[in-house]
There are 2 protein chains.
Amino acid sequence: MKTPTRKEEIIKSAAKLFLERGYSAVTMRDLAKELGIKAASLYNHISSKHEILESLIISVAEEFTVGMNQIFLSELSTLEKVEQVIHLHIDVTVKNQDALGSLNNDWMHLEGKALPYFEQMRNQYEENFRQIIKSGIAEGSIAARDPEILLFSVLSTLRTLYLWYPKKNSIDMQTLKADMTATMLASIRA
Amino acid sequence: MKTPTRKEEIIKSAAKLFLERGYSAVTMRDLAKELGIKAASLYNHISSKHEILESLIISVAEEFTVGMNQIFLSELSTLEKVEQVIHLHIDVTVKNQDALGSLNNDWMHLEGKALPYFEQMRNQYEENFRQIIKSGIAEGSIAARDPEILLFSVLSTLRTLYLWYPKKNSIDMQTLKADMTATMLASIRA
DNA sequence: GTCTATAGTAGGATAGAC
DNA sequence: GTCTATCCTACTATAGAC
């Protein structure tokens with residue numbers, strides 16, 4: 001637990017406000033007020049509003065990408081892989097609660113190379129998940145339904161976890177993971 | 001198929017842009033350009049940018065509310081009710097594709113009475129769905145897991161349909177409804 | 001590291017001509 | 001019903017003092 005730098009504090013506060021109101025609706029004055037300083041002072045630590053968004057989204061996207069690649073390339077069974085992906089999502093969501101809002105709703109405001117970079121990560125992630133589901137269908141461990149519907153059904157729940165998790169912090173993590181995983185596996189299992 | 005009024009055209013174009021970029025990031029100049037007119041001309045048909053948002057969100061929210069109330073008060077079995085709710089979501093999403101983006105991501109920018117009105121409809125909708133799921137668990141037709149997780153799992157998928165549906169318009173509606181319903185019912189059925 | 005002051009731009013909205 | 005011109009406000013970001 002090192003002391004956060006001022007830059008980290010700014011990014012953390014920004015994530016919270018972006019989640020509540022969206023990137024475009026949050027002004028640098030809002031952000032400064034949240035930190036108890038003036039807007040101009042922010043620029044001693046960050047170079048632009050865009051830099052904050054990029055930093056938020058790209059770091060979380062990379063976390064998902066690394067985790068998914070490990071699972072995809074592992075020797076686990078198909079259903080174990082799906083289970084690991086679900087756990088990955090829960091872990092990343094718990095660790096980056098607020099940033100998930102920007103990743104889901106403000107990624108289109110990324111600029112320059114960051115946008116195609118993000119889109120490429122997102123596509124690759126989806127493609128890996130799609131392959132896992134398809135091989136599950138082929139081997140009979142996953143229900144023989146349209147793989148796109150199965151993919152969408154699971155992904156939509158995982159991607160929306162960030163909206164729901166904060167309200168339920170009374171449930172302990174073990175129960176959450178177990179029950180969540182059971183529900184999602186039930187929806188795709190053969 | 002009556003000819004749409006200019007106001008309806010404006011609202012429709014706005015829904016499309018709000019979906020792509022979010023309410024706050026779309027300017028009246030953007031919207032005017034989309035319609036091939038100047039920003040000032042918009043005000044001959046609408047009184048403010050907010051009015052557009054409110055009109056978009058409230059009308060769809062009311063459609064959901066009316067549909068849910070009918071289902072909730074019907075004599076159907078619990079699983080049939082869940083099935084009807086899924087069909088309601090698919091139908092409303094297909095009919096109001098773009099507006100669903102605002103409903104999901106820009107509701108917090110509603111002003112005045114519209115915000116509490118929307119929140120009340122949303123809460124009542126969720127509460128009705130929660131009751132359906134709970135009585136299913138009580139009677140044994142729905143799996144004996146945490147009802148909040150079941151509710152969230154189904155709702156998150158239904159609420160995200162609008163993001164996914166437009167990409168899949170090759171699938172015909174019958175297949176979509178059937179497969180979607182099967183997948184979601186599988187995730188909660190006992 | 002934060003401040004005040006301010007440049008420069010872009011936003012929502014109105015007035016009044018055509 | 002649309003236009004041009006414009007008001008007023010608020011935005012991101014910079015300059016320079018402390």
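From a predicted model like this one, the values you see are computed outputs, not experimental measurements. Below, read A as the first sequence line, B as the second, and so on, with proteins coming before strands; counting in each chain starts at 1.
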Provide, to the nearest angstrom, the distance between the [atom1] atom belonging to [X] and the [atom2] atom belonging to [N].
| X | N | atom1 | atom2 | value |
| --- | --- | --- | --- | --- |
| B:K33 | C:dG12 | NZ | C1' | 17 Å |
| B:I52 | C:dG12 | CD1 | P | 10 Å |
| B:H50 | C:dG11 | NE2 | C1' | 13 Å |
| B:K49 | C:dT14 | NZ | C1' | 18 Å |
| B:I37 | C:dC18 | CD1 | P | 21 Å |
| A:L42 | C:dT2 | CG | P | 9 Å |
| B:D30 | C:dG12 | CG | C1' | 13 Å |
| A:L31 | C:dT2 | CG | P | 12 Å |

Please confirm whether the shortest side-chain N or O distance from [X] to OP1 or OP2 of [N] is below 4.0 Å.
| X | N | result |
| --- | --- | --- |
| A:Y43 | D:dA13 | yes |
| A:H45 | C:dT2 | yes |
| B:S41 | D:dG1 | no |
| A:K38 | C:dC3 | no |

Evaluate whether atom NZ of A:K12 has more than 12 neighbouring non-hydrogen atoms of other residues, nucleotides or ligands under 6.0 angstrom away.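 Result for NZ/A:K12: open.
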
Quiz question: by atom type and distance under 3.5 Å, do the side chains of [X] and [Y] form a donor-acceptor pair?
| X | Y | value |
| --- | --- | --- |
| B:Q131 | B:E127 | yes |
| B:R189 | B:S141 | no |
| A:S59 | A:E62 | no |

Is B:R6 touching bases, backbone alone, or none of the nucleic acid, heavy atoms closer than 4.0 Å?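 Result for B:R6 = sugar-phosphate.
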
Over-ring placement of B:K49 relative to B:Y23, 6.0 Å and 45° cut-offs: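 Here B:K49 passes the 6.0 Å and 45° test against B:Y23.
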
Pairwise 5' ranking along DNA chain D for A:I46 and B:A39, keeping only the more 5' one: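 Checking each residue's closest nucleotide, the 5'-ward one belongs to B:A39.
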
